Protein chains: 2
Amino acid sequence: MSRQSSAGPPTAGLSSDLLLGPVSGTNTFEETVQRLLQTVRLGLIAPGERLPAERELAAQLGVSRDTLREAIASLAGAGYLISRRGRYGGTFVSNVLPAPPLLAEKNPTGASHPSITAAQIDDVLTLRDILEVGGARAAAGRVLSPPERELLWSSLEAAAAADADEYRRVDSRLHLYIGELAGSPSLVPLLADVRMRLNELLDAIPLLAPNIAHSNKQHEQIVIAILTGRPDAATDAMREHLSGTALLLRGFLE
Amino acid sequence: MSRQSSAGPPTAGLSSDLLLGPVSGTNTFEETVQRLLQTVRLGLIAPGERLPAERELAAQLGVSRDTLREAIASLAGAGYLISRRGRYGGTFVSNVLPAPPLLAEKNPTGASHPSITAAQIDDVLTLRDILEVGGARAAAGRVLSPPERELLWSSLEAAAAADADEYRRVDSRLHLYIGELAGSPSLVPLLADVRMRLNELLDAIPLLAPNIAHSNKQHEQIVIAILTGRPDAATDAMREHLSGTALLLRGFLE
DNA sequence: TTCAAAGGTATATACAGCGAACCATTCCCC
DNA sequence: GGGGAATGGTTCGCTGTATATACCTTTGAA
């Protein structure tokens, strides 16, 4: 091995991946847009509900009001948000959310609908498995406060009661809340992120009633396992639940 | 329930966490510094080895050469990097890395060494458990190419052969490579990040020889489980391995 | 001696984000 | 009906960050 100086293992194969990746280039503006989009797409604020006032929200996000306004304008243009002025006005989540862009951004070549590579699917599904299964397990291993238990159960019921067009959103909320119960604040944004990526994929395939019923049963198992403090059961239930979606996705997209 | 418009569950308790958090405010400069620091602290480029040339590295990172230079200068000032000019010069990782800052940034009050709250420790440890255990399991569930198997094994041997002062670095490398084998590119940066946070904590406690020996044995079990394709065994081995560190940390810091 | 490859320096430009003040609209309450 | 208050809408200028480009300096191998 032709190393150049002191001791240590060869660096091959790993360093490149971390060093080479382009720096995120995170505009404050872009990041703000993403945050708002998450809030809407993941159902954290339901259609018809109001966001905090601009000045207030800007302060909470640590962003100038100008930048926040640009982000809102951008999402309003896309049909996600609606602003109303005057007293008791504000910025509201659109009552009817726009159909998501369906990815596939039209290759100039006109190829049917790829731009979703198998590698991307694997990436999302694998990461989701790790985060959600681990999160469910951690949640089941903690002692939950009564309000937490109540909110968890009501999230479950909300998912069970939802009809097809709001299912994706309510489902996301439930999963996100489970992650929140894991007790690692840093986990939540990661979960939200992978959930967004997953939803983009799910938007490309039909949502069938039997699948929903099945999901609801599994949700119940997961929640009960968490509430009764059985990490292994929660792990298994979540893993099985996710594998259903994974199979569905791979079947339709690969 | 005093809702305002259409159907859906109450939003209480969850939305705040995602919406309210301040936007990262990521300077390109700061981010570049972090990337370089990771590369050094996690042992991706060993002491004495060379970084790519400035112009080249800047291109890879998607950053102007000026910004990259500022980052390098900053790290050179802190003793992590050394630049040499002229042909066959370049930027090198310092042969003797500076002792890490030991956190605790000196409260004006002069309090001994807190600024590490129990919540922070739990956050890091929980997240690490989720990511590393999940990653090891995923890695064990994949078929690995011969070069991958070889590199994994040699990383293990490097960790076993390391002496105390380079152990942290080589250990990080091994764990990171296991994560890379999980097959989810997005996982690696997350792992690197949590690993950095963990190392900051570990730097505050002594590193004992028996611990190292013990770790090495566990590493072997993990790697073998991965190489032989036994996800459950890999999961258990990794979980046990991490619990050792977790106990150690909680004992010293809480 | 020459040349190539690397770091070091200087300058001009673009624009993103911030802060602050002010305008316009709407609705409750008196 | 009128006043007040809370909200979004608009404007302007300042500051700092990042980029791009060109050129200089150092070093060591050929």
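Keep in mind the model is a prediction, meaning the values are calculated, not measured. Naming: A, B, ... by sequence-line order, numbering from 1 per chain.
A salt bridge does not link B:Glu200 with B:Arg197: none of the charged nitrogens is closer than 4.0 Å to a carboxylate oxygen. Comment: B:Asp171 engages B:Arg195 in a salt bridge, judged by a side-chain N to carboxylate O separation of less than 4.0 angstrom.
Neither OP1 nor OP2 of D:dT17 sits under 4.0 Å from any side-chain N or O of B:Thr28. Side-chain N/O atoms of B:Arg87 include none lying less than 4.0 angstrom from OP1 or OP2 on D:dT26. Distances shown here put a side-chain N or O of B:Thr91 below 4.0 Å from the OP1 or OP2 atom of C:dG7. Between B:Thr67 and D:dA18 there is no side-chain N or O to OP1 or OP2 distance below 4.0 Å. Residue B:Ser64 places at least one side-chain N or O closer than 4.0 Å to OP1 or OP2 of D:dT19.
Checked by distance alone, B:Arg85 brings no side-chain donor or acceptor within 3.5 Å of a matching partner on the base of D:dG28. For C:dG7, its base never sits under 3.5 Å from the side chain of B:Arg69 at any donor and acceptor pair.
Taking atom CZ of B:Arg55 as the reference point, atom P of D:dA20 lies 14 Å away to the nearest angstrom. Atom CG of A:Asp66 is separated from atom C1' of C:dC18 by 8 Å (rounded to the nearest Å).
Checking D:dT10, D:dA18, C:dA6 against every side-chain atom of A:Arg65, the shortest atom distance belongs to D:dT10. With D:dA18, C:dG17, C:dG8 as the candidates, the nucleotide lying closest to the side chain of B:Glu54 is C:dG8.
Of the two residues contacting DNA chain C, namely A:Tyr88 and A:Asn27, the nearest-nucleotide position lying further toward the 5' end is that of A:Asn27. Residues B:Ser83 and A:Val63 each lie close to DNA chain C; by heavy-atom proximity, the contact nearer the 5' end of the strand is made by B:Ser83.
A donor-acceptor pair shorter than 3.5 Å can be found between the side chains of A:Asn199 and A:Ser172. A donor-acceptor contact under 3.5 angstrom links the side chains of A:Glu31 and B:Ser24, judged on distance only.
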